Amino acid sequence: MTTVHMTADQPKVDNQAATSTARSQPSAQKFKRWGRKSPFVRYGLPMISLTVLGALGLGHLLQGSKDIAKIKDDQEWEIIETRKALSRTGPVDAYKPKKISLEEELKALQQKVDIENYEYKKIPRPNEGK
């Protein structure tokens, strides 16, 4: 076991910064070699991960829109059901239209309009008014 005593007039040398840069250079070189040795790691893996994660993200967004559409459908269904319930008790069912046939409508129109007496009216052309 040895101990080293330093005096105040000797400067301290920071060897930690020098060793950390020496350590980072080999790891950076290893990373560069990865891309050269196997292009799959450099190009294929990011592309596949982007595709898979993009598909999962889009699926999540689509599921949200489907949930919103389902909620809207449920609300519309509830409205329809309440109208049916009201119609059973009376307010909606109170209005009963008359059953009218086409022949009756034709007779009514023929009585209103006289096709034997008419006047010729000239329809102005678009350029005549100017």
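None of the values given here were measured: they were computed from a predicted structure.
In this structure, Leu102 places its CG atom where only 12 or fewer heavy-atom neighbours from other residues, nucleotides or ligands lie under 6.0 Å away.
In this structure, CG in Leu58 is found 13.0 Å from CD in Gln63, a value given to the nearest 0.5 Å. To the nearest 0.5 Å, the span separating CG on Asp73 from CD1 on Ile80 amounts to 9.5 Å. Note: Glu78 CD to Asp74 CG = 6.5 Å, rounded to the nearest 0.5 Å.
The two residues Leu45 and Val41 come nearest to each other via the heavy atoms CB-O, 3.9 Å. Of all the heavy atoms in Lys99 and Glu104, the pair that sits closest is O-OE1, 4.5 Å.
Criterion: ILVMFWY side-chain heavy atoms under 4.5 Å apart, direct or through other members. Under it, Leu109 and Ile100 are not part of a common hydrophobic cluster.
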